[in-house]
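Inspection log for the structure reproduced underneath, given as C-alpha cells.
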Amino acid sequence: MSERDTTADELVPEQQAEIEPAPALTPEVPKFEELAQQAHTAAALDLSRGTVLEVDNLKMYFPVKSGGLIRRKVGDVQAVDGVSFEVPRGGSLGLVGESGCGKSTTGRLITRLYTPTGGRILFEDRDMAKLSKRELKPLRREIQMIFQDPYTSLNPRHTVGAIIGAPLEVHKVVPKKQILPRVQELLEVVGLNPEHYNRYPNEFSGGQRQRIGIARALTLNPKLLVADEPVSALDVSIQAQVINLLQDIQKEFDVAFLFIAHDLAVVRHFCPEVAVMYLGKIVEIGDRDSIYAHAHHPYTQALLSAVPDIKQAAIGGRRERIRLEGDVPSPINPPSGCRFRTRCPIAQDICARHEPPLLQIGKRHKVACHFPGPIGAHPDAPITARLLGTDEVGNPDPGATPSPQITNKPGFDDTWFDLDAKTFGRA
Amino acid sequence: MNDPDAFLVVEDLSVEFPTPDGPVRAVNNLSYTLGLGQTLGIVGESGSGKSVSSMAVLGLHDADRTKITGSIRVGGTEVVGLNEPGLRKLRGNSVAMIFQDALAALHPFYRVGSQLAEAYQVHHPSASRRDARRKAIEMLDRVGIPQPDSRVDDFPHQFSGGMRQRAMIAMGLINDPSLLIADEPTTALDVTVQAQILDLLQDLQREFNSAVVIITHDLGVIAEMADEVLVMYAGRCVEYGPTKEILVSPEMPYTWGLLSSIPDVSADIDARLIPIPGNPPSLLSPPSGCSFHPRCAHVDKVPGDLCATQLPELLEGSNGPGHVKRCHLANPQEVFRREVLAEIAPDLVEES
C-alpha cells in the first residue's frame, strides 16, 4: 500500500460511504514529503531479464478501394511497414511519433485487434501473428490494452463491476462467486473505493474512469500492457497521478508496457527505451540517453526541438528549433527511398534512391539515416553507401557488395557500426 | 499590469450561471490588464474558469441566463452590458477568438474561402465579393497555406489538422483585430505542427502589434509565448505575474503542483513526478477558505486552520510588485526551494 497513489491510502470503506457526491476524494491530504516519497522518478532499464515480446518485420497494409459498383483495390495504406523491436520483461518501450505514423496500429497489431499483413509477433517465443481466434483466446489473457479516451472506452450501460469482471467471466478464471471480491481488490489497487463497484462510468471523473480502464486491463494478470495514449485525454494534474499509478502497477505486478504516446516528455519519464516512428517505419530506437540526449536522426532532432520547454521561462523568448516544412506525406504513396526525405533538412540524392537501413550505431542505439550525426555535425558523405553496395549518390557500385550486416531484426547486437571508424567493431 | 489605460482591462469580473442544482460561479473576482503587443497566458485545469472568463470578453454568454458583474473594457469600450449590435461591431473587428477544435469551429458545408470572406464582408459592407475573396486568399497565404488560390475553394474536411488551425487563425485575423484570444490553440496538434502554429502566432503578433490572450494547460507553451501568466483555480486567480517569476520562483502551492506534475524533456532523471492529490472541486459547493486547501500538501505549514476558514487575499509576494498570489504560507520561497525543487528538479537546487 505504501507504494500506491495517495487517494488509495485513505480509503476506509466506512468513512467513504458517508461522502456521497464525490467518490474517492480523500478528506486528508498527506504532507508534501509523504507525497513526494510516493511519487516515482524516471523508470530505469533492466536488461537482465530478457524479453517478453519480440516484433519482427511487422507489416500492416490496409487496402484502398475504388468508388463505384465494383470496388476494386487501387492501392494500400502502408500503415506499418517492417517494424522490429523488443519489449523487455517487466520493462517498458515507448513508441512516439506524429499522428498517422502507425504507432496506434502497431499497438493494435500486438493485441491482435488486427491481423498483420506480414511479419512475426513473438510473445514468449510463440508467434501469434497468424493464430486463429480460438488459438488466440488463451493469449488474450497475457496481453491487454489501456485505451486513450476513458469516455468512450467504457460501456455507459454497464456498472464498473460488470466492466472489470467481464474478462473473468469470459475466461472462466474464477468461479462466479469470487468475481466480486476480485473486482473490489482491483478497484483498490487502482486507487478507487471498492464499494463503488455498482456505480456507472458517468458517475466518475475522467481520471477515475482511466483508473477503471486500467483495472479492467489488469483483471487477468497480463504480462504485457499496450497503453495507447493513456494520459493524453486527462487534465495535467491528473496525468501525473495516472503515470505514478502505472509505475506502481509495473513494480507490483511485473507487467511490461508498450507505451504509445505523442508526448515526448511523458515517454521519457516512463520508458527507459524509446522507438521513434515516421510514416510506418522506425527511424530511431534506443535507450533514453541515446534518443533524448544524443539523437542522430534529423527527424528525432526536429521532434525534440519542437517540444516547448518550461525551463525556457528563465531565459525568455522561443527556443531555437529545427523547422519542418509541410505535412506528413500520404502513406498510400510514400516517398521513395527514405520516407522522411521530403521534409528533411539534410537530404541528398541517395535518400531518394535507397531506403536507409536501421543501423546499430551504439550499444543500445539504432538509427535509419544515410547521414546520422548530432545536430549540426551530420557527415557530408553517406556512411551507408558502402554497406548498401552503392556510390555516394546511390548509383549501384559494381565493385561493392551489400553488407550482410544489414538486417531488420529486433533487439541489439554486441557489435555495431562505429561512426568514427566507419566499420563494424566490438565494444 | 494594473495599467488602467491598457487595451484590455478586466476588473472584478464574476460570471455566474444559474443551474437546477444552484448557482455556479465559474469566474470569481478576476482582474487583469493587457497592453498591445503583449501576451497573457492563462493556465488552469478544466473547469477553472479560464475559457468562461475569455468568452465574457467577447460577450459570448447568453445575457438572459448569465449573471456577469464587474467590468471588461476593450480599447475603452465597456463590454459588460453592451447591446448585441455593439457586441457585433466588436467581435471579429477588434477582438477575435481562435478555438481549440478547428474542425468543430469551421462549418463543414461551406468552403473555407467563403467562411473567411464572410467574416470580412460583415465588417466591410462596402467590399465586393471579389475583394473579400482576394482578402481571403491573401490571409490564407499569410498563414502559410500552400497554393492558397486553389485551396480557398476547399471544404474544411479537405484540410489537415494543422491547416484547419491555420485557416481559423486566418479567419480570426482577417479584420486586423487588436486583441486575439486563443483558447487552447495547439492542444489537439502534434508537436511539430504546434511549433509551426506558435511561430505563426508570434510573427503575426509582431506584425500587427496585437494583444494576445493564450489559454492553455501546457506550461511549456506558456514559457515560450507569454509575457505574463495568470494561474486560475476554481474560478479565482491564484497567482499572477511575469512569466519568468511565475515559472522560476512561484509562490503558490497550486502552481508548484502544476510544475511538479508535468515531466520535462530535459529534466533530471532523478526528478520525481509529484501529482496534485484529489480532483478539482465542484463549483456548486466550492470549498471554504482557500479553494485549493482540500488538495494542498502544504496546509500543515500554516498555523491553525486558516486555510480552511479564510480566503487568502491576492497579495504581493516576496518578489516585489507585479507578482501577486493567493496563499497563507509565510515563507513560500523557502518552502519551494528546500522541499519542492529538491524533488522535482534536483539539478537546479545545486546550481543556486
Side-chain angles (χ1 to χ4, degrees), chain A residues 5-7 21-22 24-27 29-36 38-42 44 98-99 205 207-208 235-244 262-266 268-270 288 292 302-314 316-319 321 323-324 326-327, chain B residues 45-46 146 160-163 190-196 198-199 202 217-225 243-244 246-248 253 257-267 269-280 282 285 293-300 335 339-340 342-343:
Chain A
D5 188 84
T6 53
T7 44
L25 227 176
T26 51
V29 166
K31 287 184 183 170
F32 183 75
E33 302 90 79
E34 297 165 23
L35 205 59
Q38 288 159 6
H40 291 279
T41 57
E98 288 175 277
S99 42
S205 69
Q208 288 168 333
D235 246 324
V236 264
S237 71
I238 310 298
Q239 283 194 4
Q241 291 179 5
V242 172
I243 293 168
N244 274 305
H262 69 269
D263 186 332
L264 289 145
V266 168
R268 179 175 182 270
H269 182 85
F270 195 85
R288 185 184 287 130
Y292 286 89
L303 212 54
L304 282 170
S305 78
V307 181
D309 191 355
I310 301 173
K311 293 209 173 84
Q312 190 67 23
R318 299 294 295 279
R319 218 151 51 109
R321 92 171 129 264
R323 285 161 195 253
L324 287 185
D327 290 318
Chain B
E45 286 168 89
S46 28
S160 71
M163 280 163 73
D190 281 316
V191 276
T192 48
V193 183
Q194 165 173 295
Q196 290 171 359
L198 295 182
D199 279 343
Q202 252 175 354
H217 59 252
D218 187 336
L219 289 174
V221 171
I222 292 283
E224 299 204 354
M225 295 288 289
T243 307
K244 186 173 173 183
I246 298 282
L247 295 186
V248 177
L258 285 180
L259 283 170
S260 71
S261 55
I262 304 166
D264 187 17
V265 268
S266 57
I269 293 296
D270 294 328
R272 287 177 197 274
L273 199 61
I274 305 168
I276 304 174
N279 289 299
S282 156
S285 51
H293 89 265
R295 301 174 73 190
C296 183
H298 301 273
V299 172
D300 57 311
V335 176
E339 292 189 23
V340 183
E343 298 291 352

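Residue numbers start from 1 in every chain, and the chains themselves are labelled A, B, ... in the order their sequence lines are given, proteins ahead of strands.
Between B/Val191 and A/Ala306 the shortest heavy-atom distance is O-CB, 3.7 Å. Considering all non-hydrogen atoms of both residues, B/Ala223 and A/Asp309 come closest at CB-O, 3.6 Å. Of all heavy-atom pairs spanning B/Ser261 and A/Ser237, the tightest one is OG-CA, 3.9 Å.
Only the side chain of A/Asp235 has a heavy atom closer than 4.5 Å to any heavy atom of chain B. For A/Leu303, the parts sitting under 4.5 Å from any heavy atom of chain B are the backbone and the side chain alike. When heavy atoms are compared at a cutoff of 4.5 Å, B/Val340 approaches chain A by way of both its backbone and its side chain. Contacts of B/His298 with chain A are made by side-chain atoms alone, with heavy-atom separations under 4.5 Å and no backbone atom involved. Both the backbone and the side chain of B/Glu45 have a heavy atom closer than 4.5 Å to some heavy atom of chain A.
With respect to chain A, the highest number of heavy-atom pairs below 4.5 Å among B/Asp264, B/Ile222, B/Leu198, B/Ile262 belongs to B/Asp264. Residue with the most contacts toward chain B among A/Ala44, A/Ala36, A/Ala42: A/Ala36 (heavy-atom pairs, distance under 4.5 Å). Of the listed residues (B/Val299, B/Asp300, B/Leu219, B/Val248), the one with the most heavy-atom contacts under 4.5 Å to chain A is B/Asp300. Annotation: maximal heavy-atom pairing with chain A below 4.5 Å, among B/Ser160, B/Ala342, B/Ser260, B/Ala267, occurs at B/Ala267. When the candidates A/Lys31, A/Glu98, A/His262 are compared by the number of heavy-atom contacts under 4.5 Å with chain B, A/Glu98 comes out ahead.
In this structure, the separation between CG on A/Leu35 and CD1 on B/Ile276 is 9.5 Å, given to the nearest 0.5 Å. Taking CD of A/Gln312 as the reference point, atom CE of B/Met225 lies at 12.5 Å (rounded to 0.5 Å). Taken from CZ in B/Arg272 to CG in A/Asn244, the straight-line distance is 9.5 Å, to the nearest 0.5 Å. Note that the CD1 atom of A/Ile310 and the CG atom of B/Leu258 stand 9.5 Å from one another [nearest 0.5 Å]. The distance from the CG atom of B/Leu273 to the OG1 atom of A/Thr41 is 10.0 Å, given to the nearest 0.5 Å. Rounded to the nearest 0.5 angstrom, A/Gln241 CD and B/Ile274 CD1 are separated by 13.0 Å.
Within the 4.5 Å cutoff, side-chain heavy atoms of B/Glu339 are placed close to those of A/Glu33. Residues A/Arg321 and B/Glu224 meet the side-chain proximity criterion, which asks for heavy atoms closer than 4.5 Å.
Checked by atom type and distance alone, the side chain of B/Gln196 pairs as donor or acceptor with a backbone atom of A/Leu324 at under 3.5 Å. Distance alone, capped at 3.5 Å, places no donor-acceptor pair between the A/Arg268 side chain and the B/Pro263 backbone.
Among residues two or more places apart in sequence or in another chain, the side-chain hydrogen bond (donor to acceptor under 3.5 Å, both in side chains) test is passed with A/Ser99 by B/Asp190.
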